[in-house]
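Just below is one structure, and these are the notes that go with it.
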Amino acid sequence: MDCIFCDIVSGKIPSDTVYQDEEVMAFRDINPKASTHLIIIPKSHIPTLAHLSKEQLPLMGRLVGIANKLAKDEGISQSGYKVVINCGRGGGQLVPHLHLHLIGGRYFFEPPL
Ligand code: AMP
Ligand code: ZN
């Protein structure tokens, strides 16, 4: 399948990986919008948030828990951070493999919201 994030999971495309377990992987965004900008993904290919089944909801909880852990590791837990999920073209999603953005620290642009 033609998916950049699946290629990162398989190791075909290199990434600056900061976390992984059997279900989840997190790596630094290649085009960061802030001093911390991580991408957190399920290893399985789920195209968008809208494709998430009821059975996959606990996985979403794990992704959020890992975002919180990584925010602590990055030292932005106290200062605060954004966890963003873009869903579909209208939601600004460019890579069609479900992912969370963890953004915080020093912003390179003003945060939009
Ligand atoms: P989105 O607009 O929510 O789909 O965001 C996709 C994000 O993936 C963007 O912030 C990109 O900079 C990032 N990205 C695209 N390709 C790579 C890659 N090979 N390694 C790391 N991050 C990437
Ligand atoms: Zn994929």
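Every number for a ligand or one of its atoms is a count from 1 in the order of the listing. This one's a predicted model, so the numbers in the text were calculated from it and none came from an experiment. Nothing fancy with the numbering, it's 1 onward along the sequence.
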Cationic N near anionic O, under 4.0 Å, Asp21 to Lys43: no
Considering only N, O or S atoms of His45, the one closest to the Zn ion (ligand 2): ND1
Name of whichever N/O/S atom of His97 is nearest to the Zn ion (ligand 2): ND1
Aromatic plane relationship, His37 with His101 - under 30° parallel, 30 to 60° tilted, over 60° perpendicular: tilted
Step-by-step side-chain contact (heavy atoms from CB on, under 4.5 Å) determination, Leu98 to Thr48: CA-CA 5 Å; Leu98 175 62; Thr48 78; over 6 Å; no
Donor-acceptor under 3.5 Å (His51 side chain, His97 main chain): no
Kindly print each ligand 1 N/O atom paired with any protein N/O atom under 3.5 angstrom away, one pair per line, or none if nothing qualifies.
residue: ligand 1; atom: 2 (O); partner: Gly92; partner atom: O; Å: 2.9
residue: ligand 1; atom: 2 (O); partner: Leu94; partner atom: N; Å: 3.3
residue: ligand 1; atom: 3 (O); partner: Asn86; partner atom: ND2; Å: 2.9
residue: ligand 1; atom: 3 (O); partner: His99; partner atom: NE2; Å: 2.7
residue: ligand 1; atom: 3 (O); partner: His101; partner atom: NE2; Å: 2.8
residue: ligand 1; atom: 4 (O); partner: Leu94; partner atom: N; Å: 2.6
residue: ligand 1; atom: 4 (O); partner: Val95; partner atom: N; Å: 2.8
residue: ligand 1; atom: 4 (O); partner: His99; partner atom: NE2; Å: 3.1
residue: ligand 1; atom: 5 (O); partner: His99; partner atom: NE2; Å: 3.2
residue: ligand 1; atom: 5 (O); partner: His101; partner atom: NE2; Å: 3.3
residue: ligand 1; atom: 10 (O); partner: Asp29; partner atom: OD1; Å: 3.3
residue: ligand 1; atom: 10 (O); partner: Asp29; partner atom: OD2; Å: 2.5
residue: ligand 1; atom: 12 (O); partner: Asp29; partner atom: OD1; Å: 2.5
residue: ligand 1; atom: 12 (O); partner: Asp29; partner atom: OD2; Å: 3.4
residue: ligand 1; atom: 22 (N); partner: Ile30; partner atom: N; Å: 3.1

Closest non-hydrogen atom pair, Asn86 against Gly91: CB-O, 3.0 Å
Pair listing, side-chain hydrogen bond (donor to acceptor under 3.5 Å, both in side chains) test, anchored in residues 63-75, at least two apart: Arg28-Glu74, Thr36-Glu74, Asn68-Tyr81, Lys69-Asp73
Ile85 vs His99 side-chain heavy atoms within contact, under 4.5 Å: no
